[in-house]
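Notes to accompany the following structure.
None of the values given here were measured: they were computed from a predicted structure.
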Amino acid sequence: MKRIFAVVMAVAFVFSVAGFAVAAEKAAAPAAAKSATSAEKSAVSAEKSAVSAEKSATDAKKSAKKAKATQVTGTVEAVDAAAGTFTVKGKMGNVDLKAGDKVKLGDVKVGDKVVVKYADGTASSVKAVKAAKAAKKSAAKAEKSADAAEKSADAAAKSAADAKKAAPKVDTRPVAEKPGTPSTSTPPKPKGN
């Protein structure tokens, strides 16, 4: 801001010196009335430049005072309604804030999930995170996990069926009943001998 002011003053000085130089040249000219008029014009232009420099310095001050609003989503860690201060723990850490004119700390409790808009350490709004939105997210997660479990169960059933098909068939009959195996009992004797 000091630099802007210095630049503006330097420009105003240059205009005034230029105006006086023009005025001095005109004074040497035979027409004295013309030199007075040009001196007045240069003085007016120097005055205009000083006014515009003052406006730009004022605008620079205003823009410097207006800080960008920041938003934090987190959990309320501490509330001091009497002092008008509270602390919100967000992703980037704790933020200590002072309640603004529109903020009512009576509605805020420790442990509440909130979205806070603030600038220069003063909160302009504090809104509770909607429970319905959180419920929708948890319902969506539950649905996704149920779908994944169902797919996993289907894959396991298919894998078991494939394994059953690929496994060699085992004959569970007793050995004596299987064809082509010798029996332990004595064979019948032929009749006729």
Side-chain angles (χ1 to χ4, degrees), residues 1-138 140-141:
M1 184 146 117
K2 288 181 180 181
R3 288 183 184 175
I4 293 173
F5 182 73
V7 170
V8 169
M9 292 306 291
V11 170
F13 180 75
V14 169
F15 279 127
S16 64
V17 170
F20 286 123
V22 170
E25 285 180 3
K26 296 291 181 171
K34 288 184 179 181
S35 65
T37 306
S38 67
E40 284 180 24
K41 286 182 180 177
S42 65
V44 169
S45 68
E47 188 176 322
K48 285 181 181 178
S49 67
V51 169
S52 68
E54 195 173 307
K55 281 185 179 179
S56 66
T58 305
D59 291 343
K61 283 182 184 178
K62 286 180 182 178
S63 66
K65 285 183 180 178
K66 285 186 179 179
K68 287 187 176 181
T70 307
Q71 181 173 324
V72 64
T73 302
T75 305
V76 176
E77 294 292 312
V79 177
D80 187 358
T85 60
F86 63 103
T87 303
V88 177
K89 183 176 183 181
K91 290 181 182 177
M92 303 301 280
N94 287 349
V95 181
D96 295 323
L97 299 169
K98 181 179 178 184
D101 296 334
K102 297 178 182 178
V103 177
K104 296 179 184 176
L105 287 181
D107 300 341
V108 179
K109 298 173 193 151
V110 174
D112 287 351
K113 294 190 186 256
V114 293
V115 176
V116 181
K117 289 183 183 176
Y118 68 96
D120 293 332
T122 303
S124 58
S125 74
V126 177
K127 295 180 182 176
V129 175
K130 294 182 180 175
K133 190 174 185 181
K136 282 184 183 179
K137 285 184 179 180
S138 64
K141 285 183 182 179

In terms of side-chain heavy atoms, does Thr87 have a donor or acceptor partner in Asp96 at a distance below 3.5 Å? yes
Here the pair of heavy atoms bringing Ala119 nearest to Ala69 is CB-CA, 4.2 Å
To the nearest 0.5 Å, atom OG1 of Thr122 lies from atom CG of Asp101 at 9.0 Å
Here the gap from Lys127 atom NZ to Gln71 atom CD, rounded to the nearest 0.5 Å, amounts to 9.0 Å
In short, Val76 meets Val79 closest at the heavy-atom pair CG1-CG2, 3.4 Å
Between Val116 and Ala123 the two heavy atoms that sit nearest each other are CG1-CB, 3.9 Å
In this structure, OG1 of Thr73 is separated from NZ of Lys117 (nearest 0.5 Å) by 10.0 Å
Separation between CG (Leu105) and CG (Asp80), nearest 0.5 Å, reads 8.5 Å
Here the gap from Tyr118 atom OH to Leu97 atom CG, rounded to the nearest 0.5 Å, amounts to 6.5 Å
- Would you call Val88 and Phe86 a side-chain contact if the rule is heavy atoms closer than 4.5 Å? yes
Report task. Spell out, as yes or no, whether a donor-acceptor pair under 3.5 Å connects the side chain of Thr75 to the backbone of Lys89. Result -> no
For Glu77 and Val110, the nearest pair of non-hydrogen atoms, with its separation, is O-CG1, 3.6 Å
